[in-house]
J.: 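After the structure tokens below, expect a handful of questions from me.
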Amino acid sequence: MAALHPSAHDMSVGGAAPPPGILNSAPYDSVHQAHHTPPHHHSHQQTPPQGRAPTHPPQSQSQQRSVKRPRPVKSCTECRKRKLRCDRLCPCGQCQKSSRTCKYAADHDSGNLSDGSDVETADSRPSKRNCGPGMFPASTPLPTNDVVFASIKNGDSGPAPSLEELALRMERLEKHLTARSPAASDSSGAKLIAASSGTIRGLTVKESAFRTRYHGQNSPRVLLNLFEDAKEFMANHSNNGSVGDLMGNFKRFHKALLNEYRKCLAPITVFVDSMMPVQTRMVDILPKKNVCDRLINSYIDTSETIYRTLHLPLFQQHYNLYWQGEMSSEFFLPQLLAVLSVASRFDTKSKGLGHERTEGVHIPTACALIRAWLDRLRGKQLVEFSTLQTEVLLLHAQRMITPRIQDSWTSLGSTVRMAMTMGLHRDPCEYEARMPVFQCEMRRRLWFTILDMDLHISLASNLPCLVREGDYTCRPPRNLDDSDLYPDMVELPPSKPIDQVTDNQMQVYAATTLGARMKVAHLLNRIESIRDYQEVLDVGAKLERYLDDINYIFPRQGILSDAQKSKMWRCRVILDMHVRRPLLALYRPFAIGAPDAPAQISRAYLRSSMVIMKYLDELDPMLAHFQDVAEMYHQVLKKDIIQAALSVCFYIRAALRPASDRSGLGTRGLHMTPDSSDGYPSYNPDNLILWSPSRLIHTVDNTLELLIRNISGRDTKDIVCLSVVLSCVRNPELNLDDITHGLRMIYDRCLRAADINLNATSSVPPIPPAASTGPQLIDTYINPIPNPNPPTTYQRSNIGVPAALSDCDGWILWEGWE
């Protein structure tokens, strides 16, 4: 029977090639190879592979068989522990970058033995040693002919590893499984130390834990934990009379602004509560045709980019029929209202919260009517493709005015599951029932729109993605214009090059980056189990390459008109942010809280934070559309801007107060380590400053001014938080008087920006929180709601300073501050 099975030396398990040390060593079972010939159908395995030394039988079978000794480690202990490539200098380059102590293990140390992970030259290999009876422990499973023969049946080819190599593989596998086991000891050093839980997540607990709210790493209340001085200042402000009065003024301002904002978010009752048919009420709130034309053009220009929901020529055809008095589809009117709502947020002075139909629609009222229409659908209408389109458009419109992103995450769940019950997660070519080519491509576009929404909202809310990589097989859409697609087509044209501008260019490029971005969400959800920085660095490097490619697709050069410059800038920023958000989320836990994180993570995190705050610097302020673009930038990226500003404050403190940076993370992020290609080999890396403190402070000051200039709704708490943090870190020495003075200036600027006068209410005696009532809904059709930015004569006499200011779990400032 031995002649029927080739020896283990001629076969390979899993098709893996042996390492160089095995290729150049005498085989373990060379005696059997000399006397046993493989069968004819495996004759192709008799020829040794290229680079393998010919085998020679030993002089006597009694000679002890030789095996490969584990090679001595040439890497330093720090690179060895972090699985980084070491240049084997003293100190090595990796330790220089990370400001670590570079040490090498002693030659006689038993831990200075490699299991094959270090690449060594042939002349540095240790001599072979004989294989005694006790070479392998009893617990080590040995290969059998059944395993080898199974690999042959599966079609694997190539030489088999020797017995000792299989044992080494098994040992490495056991180490790998032990490291990933939850029962593994934390003291083993295999676990990656990430940021403390206080800088990654938080939980607000109220009413004996009957009311809780989760906050992730993006939340300002979590980022505030990085700044103990600012946190203590805001938590103990009641001990200082002048600071307590100032915070009381901020509270009254916040409540006045929030009450007006809540009124603006209330749907117009005469339309929502009417007994008339929903379609009739939708027609009643539509503006005139010239206003609709302007809003639709704005929507196509700004929103049908990455989120592709509609086929624009077909939608335009239904639109023209509607104004001619013909209703071609019952789904058209809800979709039109959703489109106008999205555009009204960016293209009207009231930001879609005004009641005048002369400039747009009232978004809350429009969304309430669309929701009422969708809730009345029954049966087969629930699985109509047009119904799913309407749901996605409604989610897009509601996201513009939803106070908390977690609410959008909840609503998105039903939309994702609706799409999957309709089979959009599987590619249309998998189904036996042949679908029209046009419908197949529209399904692909809508599915990748839902995927991008899911990823964006999940990262923003610090909650898991509803769809993970591997949960779908739908192929990405093609880079085609909408005019290339029509309902009666029989074959799709070939996709155009990615650098060619089409109606679907941005979605196609975003789809190419989706795999790497989804890996970020998966890594963040299992951040406590990450044992190796290399996985984080690999995903981050891929995202940074995608960011570089955006400049190739949308170049800054060329003679462009002002409108073209604004559009090109907008496309570049939208794509950049869809890639940069996951990059920042991936690096944030390590850049601000892991002392042993590689320096390139800290530098990349600081660089991306600065890029977000300096987007507007690319545009000329004298452009005709600059103010509109700036307002859109604030609305879309407001949360990202605040997170970036607080992160940069972390590095400002490290630059001005190095003693406070005990982990060294901020200092490493501010410095740049050059290599031979930089042309400055004589410079000390510690003297190469990538960002100066004055430049960082100036950038955060400009960001704070932008936030104040566009203040509305719930923005007060974020502005106060950023202002206090910046005042605490901008000087080498902490001065409470300077912080109070800066906060007073912020208060005056907020009053001017919101155009609110609260002076008349300053003498009102304090009232307890229980006596205050929430905002009362009014009949907004009879009594129109005032503008979100009230006039200077606006005063509210029922708002006063509460009797007791509360800590709110160390977050701030007064009751109801959420």
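Every value quoted in this text rests on a predicted model; they were computed, and no experiment measured them. Below, all heavy atoms of this structure are taken into account, side chains as well, without hydrogens, waters or symmetry copies.
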J.: Is a side-chain N or O of S723 found less than 3.5 angstrom from the main chain of I719, in a donor-acceptor match?
T.: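 Answer holds: no.
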J.: Start with the C-alpha gap between F650 and L223, add the side-chain angles, then the distance that decides, and say whether side-chain contact (heavy atoms from CB on, under 4.5 Å) holds.
T.: CA-CA 9 Å; F650 175 77; L223 290 173; over 6 Å; no
J.: Please round to the nearest 0.5 Å and tell me the distance separating atom OG1 of T410 and atom CD1 of I457.
T.: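 That separation rounds to 10.0 Å.
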J.: Evaluate side-chain contact (heavy atoms from CB on, under 4.5 Å) for F233 paired with T740, printing each intermediate quantity in order.
T.: CA-CA 10 Å; F233 176 85; T740 306; 4.1 Å; yes
J.: Checking the side chain of N735 only, and the main-chain atoms of D737 only, is there a donor and an acceptor separated by less than 3.5 Å?
T.: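 Yes: the side chain of N735 pairs with the backbone of D737.
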J.: Is there a donor-acceptor pair closer than 3.5 Å between any side-chain N or O of T348 and the backbone N or O of E359?
T.: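 Not at all, since once roles are kept as given, no pair shorter than 3.5 Å links the two residues.
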J.: Could you walk me through whether Q406 and R213 pass the side-chain contact (heavy atoms from CB on, under 4.5 Å) check?
T.: CA-CA 10 Å; Q406 290 84 354; R213 190 183 300 279; 5.6 Å; no
J.: Less than 3.5 Å apart, any donor N or O on the side chain of D454 or S458 sitting next to an acceptor on the other?
T.: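 Yes, S458 and D454 have a side-chain donor paired with an acceptor closer than 3.5 Å.
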J.: Report the distance from atom CD1 of I652 to atom SG of C649, rounding to the nearest 0.5 Å.
T.: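 So the gap between those two atoms works out to 4.5 Å.
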J.: CG of L704 to CZ of R709: how many Å apart, nearest 0.5 Å?
T.: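 The CG atom of L704 sits 11.0 Å away from the CZ atom of R709.
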J.: Backbone N or O of L734 within a donor-acceptor pair of the D738 side chain at under 3.5 Å?
T.: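 Not at all, since once roles are kept as given, no pair shorter than 3.5 Å links the two residues.
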J.: Less than 4.5 Å apart, any side-chain heavy atom of I268 and any of I285?
T.: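 No, every pair of side-chain atoms sits at 4.5 Å or beyond.
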J.: Just wondering, do L743 and M247 contact through their side chains at under 4.5 Å, heavy atoms?
T.: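 Heavy-atom side-chain distance check passes, below 4.5 Å.
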J.: Would you compute the distance between atom OG of S712 and atom CG of L257 and round it to the nearest 0.5 angstrom?
T.: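 If we round to the nearest 0.5 Å, S712:OG and L257:CG are 6.5 Å apart.
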J.: Test V243 against L736 for side-chain contact (heavy atoms from CB on, under 4.5 Å), laying out the working first.
T.: CA-CA 10 Å; V243 178; L736 297 181; over 6 Å; no
J.: Please find the pair of heavy atoms, one from V700 and one from L726, that lie closest to each other, and give the distance.
T.: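 Taking every non-hydrogen atom into account, CG1-CD2, 3.8 Å.
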J.: When you measure from the side chain of N710 to the backbone N and O of L706, does any donor-acceptor pair fall under 3.5 Å?
T.: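 Yes; at least one donor-acceptor contact below 3.5 Å.
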J.: Whether the side chain of H362 engages the backbone of C264 through a donor-acceptor N/O pair (distance < 3.5 Å, no angle test) should be reported.
T.: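 Here the side-chain-to-backbone pair exists.
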J.: Would H396 and R399 count as a side chain to side chain donor-acceptor pair (under 3.5 Å) here? Give the steps.
T.: CA-CA 5 Å; H396 194 18; R399 194 165 58 92; 3.2 Å; yes
J.: What are the two closest non-hydrogen atoms of V520 and P582, and how far apart are they?
T.: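 For V520 and P582, the tightest heavy-atom pair comes out as CG1-O, 3.3 Å.
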J.: I need the minimum non-hydrogen distance between V725 and A230, along with the two atoms involved.
T.: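 Heavy atoms of V725 and A230 come nearest at CG2-CB, 3.8 Å.
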J.: Output yes when a side-chain donor or acceptor of Y651 lies under 3.5 Å from a complementary backbone atom of S602, and no otherwise.
T.: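 Yes.
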J.: Are any of the side-chain heavy atoms of Q635 and M400 separated by less than 4.5 Å?
T.: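 Result no, sub-4.5 Å side-chain heavy-atom pair not found.
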J.: Hey, does L524 have a side-chain heavy atom less than 4.5 Å from the side chain of L459?
T.: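 The answer is yes, as the side chains (C-beta and beyond) meet within the 4.5 Å cut-off.
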J.: How far does NE2 of H741 sit from CG of L246, to the nearest 0.5 angstrom?
T.: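 Taking NE2 in H741 and CG in L246, the distance rounds to 11.5 Å.
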J.: Compare all side-chain heavy atoms of R262 with those of R714 and state whether any distance is below 4.5 angstrom.
T.: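 Sidechains of R714 and R262: in contact.
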J.: Name each donor-acceptor pair under 3.5 Å that joins a side chain in residues 609-617 to protein atoms two or more places apart or in another chain, with its distance.
T.:
| from | atom 1 | to | atom 2 | distance (Å) |
| --- | --- | --- | --- | --- |
| S609 | OG | Y605 | O | 2.9 |
| K614 | NZ | D617 | OD2 | 2.9 |
| Y615 | OH | D576 | OD1 | 2.3 |

J.: Of the non-hydrogen atoms in L295 and G360, which two are nearest, and what is the gap between them?
T.: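 Where L295 meets G360 most closely, the heavy atoms are CD1-CA, 3.8 Å.
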J.: Looking at D715, is its backbone amide N or carbonyl O close enough to the side chain of D718 to form a donor-acceptor pair, meaning the two atoms are under 3.5 Å apart?
T.: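 Checking the backbone N and O of D715 against the side chain of D718, no donor-acceptor pair under 3.5 Å is found.
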J.: Would you say W409's side chain and P464's backbone share a donor-acceptor pair under 3.5 angstrom?
T.: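 Looks like yes, one N/O pair under 3.5 Å.
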J.: Looking at every heavy atom in both A397 and A338, which two are closest together, and how far apart are they?
T.: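 Between these two residues, the closest heavy atoms are CB-O, 4.2 Å.
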J.: Side-chain contact, heavy-atom cut-off 4.5 Å: F590 with I527?
T.: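 Yes, at least one pair of side-chain atoms sits under 4.5 Å.
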J.: Okay, side chain of N462, backbone of Q217: is any donor-acceptor separation there less than 3.5 Å?
T.: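 Here the side-chain-to-backbone pair exists.
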J.: Do D640 and R580 sit within salt-bridge range, that is, some charged N less than 4.0 Å from a carboxylate O?
T.: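 The answer is no: the pair does not qualify as a salt bridge.
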J.: Give the minimum heavy-atom separation between S344 and V361, together with the two atoms involved.
T.: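 Where S344 meets V361 most closely, the heavy atoms are OG-N, 3.3 Å.
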J.: Could you tell me whether the side chain of T699 reaches within less than 4.5 Å of the side chain of V648, counting heavy atoms only?
T.: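 No, their side chains stay 4.5 Å or more apart.
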J.: Between D701 and E705, is there a side-chain heavy-atom distance shorter than 4.5 Å?
T.: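 No. Closest side-chain heavy atoms not under 4.5 Å.
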J.: Measure the spacing between OG of S341 and CD1 of I370 and express it to the nearest 0.5 Å.
T.: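 Output value for this atom pair is 5.0 Å.
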